[in-house]
Amino acid sequence: MVKGKHLKQTRILLILINFIAVLYNASLYLFATHYIVLHHRSHALLERLDVIPGNPVQLYVMAVAAASILCLAILAREYIPQFTEMGDSFIVVELLLMIAILVILHDSYNGVILLVFMDIIYHAQDNKHWLLLMIAGFASLLFSNYGVLSQVIDFPSLDIYLAFYPHRSATMLSFFRYFFESFNIVLFIVFLITYLMDSLEEKQHLQQEMQMVNQVNSELKNYVALSEKIAEDRERKRIAREIHDTLGHALTGIAAGVDACIVLIDVSPERAKTQLIAVSKVVREGIGDVRRSLNKLRPGALENKSLKAGLTQMIKEYEELSKVKIDLYYEWNHVDLDNTKEDVLFRVIQESITNSVRHGHARHIEINMFVEKDHYTIIIQDDGMGCEHIVYGYGLTQMKERLAIIGAKVEFMNINGFRTLVEIPKLKGEDEDDESHDCR
């Protein structure tokens, strides 16, 4: 339980008033005895007492010492962690000191029972047997009443000592004695009320925290669900894009190859057979690419190959299937891009070739890849019919979105056919000839 400021203040005040009350009662025994001896009334005192009293000075010293140790022990338990961990054993020490004070003061003041009782409640969470200790505290309070205890044990009553003072003085001394007892009870009740209010406040605070935790958990669940949905959509889009590129490229090549077979089958069956073998190879590789796309793998032409080798193979296969002439001018030999960029650029070039053949009916395609100061450039130029107005269909849109992922941009132009211009920002460490890389 979190102890509030008012609870701690009430506790300190309760400790202080008990120490003063013990000191006051011990002083009464001491000074009353001195007063009786001074007025030669010792014989009268012994006649009124049922037992012979002890040395008042020893009584005073022992009472003050026991009260000091008890108060220090109660305070030390809160501020010294080693004492706090002692739990029940520390409370037992406090109970023994409480009994010692009761005996030393001849049960003239039993307010220390409430003091120990308060400490049991205050550290209830640290005490394993707090309920048993509270029962012991209640029992001590019940049987510590002088009227009850004096029937069993003979104690020299403090009231007899005070009776030797003049009536007015005795009344005043008794007033303060009972005032301390009453004030101690009032403080103990205030402590209980404050403790109860703090407990209720903490319970409300815990409930509010639990509500906040539940709300955060709910928001986290919604966020996870949203993230899964976004990831699912992204993956669906990626697969659709991969299949579009792969199938589009393969089917365009197959269609061109079949057209060639139709022409060649009557003229040269052997060449038609060779063409069909090439078509068959493209079909198998297209199937493989689709499977790899579904398995999130790289394009087949790039597996265990550089970007240049992959492009060269793809161009060679395409030329075998169609009558298109494709020239590749690759000046990126000193450029080392990561796999993601290479995959994107390969797909973009593949899509551009497919579009040149499918839509532009091009006969010649030229691919230039060179390096400029701040970026890499790819220009894909065909000699096809181009188009009057560029319409962003699925293929062009996907090219643009793919390049945006790696921070690149693309332009499509109708210049002597159709031109695709791609610019990829240069990152430090990608170009081996980059001076900034050497200066790092």
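Counting begins at 1 with the first residue of the sequence.
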- Message: Any donor-acceptor pair under 3.5 Å linking the side-chain atoms of Glu219 with those of Asn217?
- Response: no
- Query: Of the non-hydrogen atoms in Leu173 and Leu162, which two are nearest, and what is the gap between them?
  - Reply: CD1-CD2, 4.0 Å
- Ring centroid separation for Tyr60 and Tyr29, is it under 6.0 angstrom? no
- Taking all non-hydrogen atoms of both residues into account, name the closest pair between Arg402 and Arg347 and its distance. NH1-CB, 2.7 Å
- Task: Please determine, by modelled atom types, if Glu423 and Thr377 share a side-chain donor-acceptor pair under 3.5 angstrom.
- Result: no
- Item | Residue pair Phe117 / Phe188: nearest heavy atoms and the distance that separates them | CD1-CZ, 4.0 Å
- List the atom of Met314, the atom of Gln350, and the distance in Å for their closest heavy-atom pair. CE-CA, 3.9 Å
- Query: Between Asn368 and Tyr330, does any side-chain donor sit less than 3.5 Å from a side-chain acceptor?
  - Reply: no
- Would you call the rings of Trp332 and Tyr376 parallel, tilted or perpendicular if under 30° counts as parallel and over 60° as perpendicular? tilted
- Flag the pair Arg11 and Asp119 as a salt bridge only when some basic side-chain nitrogen lies within less than 4.0 angstrom of an acidic carboxylate oxygen. yes
- Message: For His6, is the NE2 atom crowded, meaning more than 12 foreign heavy atoms sit under 6.0 Å from it?
- Response: no
- Query: Looking just at side-chain N and O atoms, do Glu209 and His205 make a donor-acceptor pair shorter than 3.5 Å?
  - Reply: yes
- Relative to each other, are the rings of Phe191 and Tyr122 parallel, tilted or perpendicular (30° and 60° limits)? tilted
- For the rings on Tyr35 and Phe164, is their centre-to-centre separation under 6.0 Å? no
- Item | Over all atoms of both residues, closest heavy-atom pair of Tyr109 and Ala21 | CZ-CB, 3.4 Å
- Message: Quick test of your reading of the model: are Asp159 and Arg177 salt-bridged, counting only N-O distances below 4.0 Å?
- Response: yes
- Query: Does atom CD of Glu201 have more than 12 heavy-atom neighbours from other groups under 6.0 Å away?
  - Reply: no
- Query: So, Glu411 and Arg419, do they make that salt bridge, N to O below 4.0 Å?
  - Reply: no
